[in-house]
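Read the structure below first, then the notes.
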Amino acid sequence: MENVERLLKGTVEELDRLLNAKNVLGDPIEKGSATVIPIVSYGFGFGAGGGASPKTGDGAGTGAGGGIKPLGAIIIDSDGARVESVQGPMTTFAEVIGKTAGKAIDKAADSAASKRAEG
């Protein structure tokens, strides 16, 4: 049973390391005057078990699985701060971030151009 306790303790320590705001709010992406902060949702599960038998000896194991889902981004630009959600099916997290960052950068560039034209 010591093996199970050790494995479970290691799993819980790893989960503690993973459960923080940095994993929900990604690193800011800066381009020109716009900043995009990705927002994601993630979930996971884990289990541990073990046993001992006079015939087979001791045994223990752990398992885990998880997933990540992009939700949107916080966009900070010359118009202020806003949250934009991801819409439609996306195949990869990198694709979502790329598209969201591209939209934010385009909006910031359009906004800056229109302000220059007005002023």
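Below, all heavy atoms of this structure are taken into account, side chains as well, without hydrogens, waters or symmetry copies.
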Gap separating the CD1 atom of Ile76 from the OG atom of Ser33, nearest 0.5 angstrom: 11.5 Å

Within the structure provided, determine whether Asp77 and Arg82 are in side-chain contact (heavy-atom separation under 4.5 Å). yes

Heavy atoms, side chains only, cut-off 4.5 Å: are Ile75 and Val83 in contact? no

Please find the pair of heavy atoms, one from Val40 and one from Pro70, that lie closest to each other, and give the distance. CG1-CA, 4.0 Å

Hey, could you give me the CD/CD1 distance between Glu84 and Ile39, rounded to the nearest 0.5 Å? 10.5 Å

Pro38 and Asp27: which non-hydrogen atoms are nearest, and at how many Å? CD-O, 3.4 Å

Within a strict 4.5 Å, meaning less than it, do heavy atoms of the Ile29 and Thr35 side chains meet? no

